[in-house]
Amino acid sequence: MKSERSFKSWVSLYVFGFGTSLVLSVASYLCVTQGWFGDASALAALMLLVLATAQLAVQSVCFLHLGTNPRSVFKTHTFIFTLSMLLIIVVGSLWIMQNLDYRMGMSPDEMNDYMYEQNKKGF
Amino acid sequence: MRHETVDTLNRKADKAELGFWLYLMTDVIIFASLFATYLVLRNNTAGGPSAADLFEPRYAFVETLILLTSSFTCGIAAIAFKFGKKQLGLGLLMATIVLGTAFLTLELLEFGTLVREGHSWQASAFLSAFFTLVGTHGFHILIGLIWAAVTGGYIMSNGLTRNAVRKFTLFSLFWHFLDVVWIFLFTIVYLLGELS
């Protein structure tokens, strides 16, 4: 694996990736333990996801060497494709299960009435 | 550009790396399914304790720092081997193995505490999903540690051959990948669990 980069420039890339990841990890830890967002837990959750995604981006470039040069472009393309599959699986599951939970979340009597109403409409 | 891309893939090392990368991408799908399962089931505690009651963010944070550092030492080891610095590379590989073992030990201690206190995987759907998700990651770490030791032994006995460097590049890819998965375990299981 010959490369044009020198040993020093590789090491500085890794040191940069390590330092940034460290800062992002500490930030997300403090965000929770210090209660930066107080009671706004939705905002805190969003912040945590942003920090994690930022760290994913940093490590992808610095450690996994994803990029647009010819030697890594296939990796980058398959990675983006897989990430879209991942989002479909995770967001899709949450969406469907939330919907099911909402529709099933009634007492047996309520469910009977509901089904009765639905049956009156016919199929 | 296209021609150039195909041309570089003719190199054996690049082909091996792409093939291994595609395996890692299928692993992403496994973890995606387990994350989805965990997110769906995390509130189904069957009257037992929730994530906020059970997990200690400080403990998981220490695990995070250990794994991140091991990812870093492993990356530097891969570069050292690429540039023929065998002793430096082997030293850093040893550091990676020690840190990885420390991480796995902490995780198993946490599992042991949970099970002893009666919060095993049988207690609720939430705990089943938790043990499956975190356990699968831990199992990958165990495989990685064995792989690291075998590759280290190979380099010590056969020297820094081109093959050895290629094998180690694949291992470092695997190890970095596991650290990326852990970022999301740390965020979603431990930190978001503490919020709710």
field: Reference residue A/Gln55; test side chain to side chain contact (heavy atoms under 4.5 Å, CB included); the match among B/Val180, B/Ile183, B/Thr187
entry: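 For A/Gln55, the side chain to side chain contact (heavy atoms under 4.5 Å, CB included) test succeeds with only one of B/Val180, B/Ile183, B/Thr187, which is B/Ile183.
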query: How many angstroms lie between CH2 in B/Trp182 and OG in A/Ser25, if you round to the nearest 0.5 Å?
result: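 Between B/Trp182 CH2 and A/Ser25 OG, I get 11.0 Å after rounding to 0.5 Å.
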message: As an exercise, state the distance from OG of B/Ser33 to CE of A/Met85, rounded to the nearest 0.5 Å.
response: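 So the OG of B/Ser33 and the CE of A/Met85 are separated by 9.5 Å.
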Taking all non-hydrogen atoms of both residues into account, name the closest pair between [X] and [Y] and its distance.
X	Y	result
B/His176	A/Phe63	CD2-O, 3.4 Å
A/Leu64	B/Phe177	CD2-N, 4.1 Å
A/Ala44	B/Leu195	CB-CD1, 3.8 Å

Heavy-atom check, side chain of B/Phe35 versus side chain of A/Ile89, under 4.5 Å: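 When only atoms from C-beta onward are counted, A/Ile89 and B/Phe35 do not touch, as no gap falls below 4.5 Å.
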query: Can you check whether A/Thr33 reaches B/Phe61 side chain to side chain, under 4.5 Å on heavy atoms?
result: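 No, every pair of side-chain atoms sits at 4.5 Å or beyond.
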query: Do side-chain atoms of A/Trp10 reach the backbone of B/Ile79 as a donor and acceptor pair under 3.5 angstrom?
result: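 Judged by distance alone, no pair lies under 3.5 Å.
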query: Where on B/Ser172 is there a heavy atom nearer than 4.5 Å to chain A: the side chain, the backbone, both, or neither?
result: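 Answer is neither: B/Ser172 stays 4.5 Å or more from chain A.
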message: Is B/Leu24 close to chain A through its backbone or its side chain, or both, or neither, when contacts mean heavy atoms under 4.5 Å?
response: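 Neither part, no heavy atoms under 4.5 Å.
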- prompt: In this structure, are over 12 heavy atoms from other groups packed under 6.0 Å from B/Trp147 atom CH2?
  reply: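 More than 12 within 6.0 Å, yes.
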message: Over 60° means perpendicular and under 30° means parallel, so tell me whether A/Phe7 and B/Phe83 are parallel, tilted or perpendicular.
response: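 Correct class here is perpendicular.
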- request: Taking only Lys NZ, Arg NE, NH1 and NH2, and the carboxylate oxygens of Asp or Glu, determine whether A/Arg71 and B/Glu17 approach each other closer than 4.0 Å.
  value: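 A salt bridge is absent here (no side-chain N lies under 4.0 Å from a carboxylate O).
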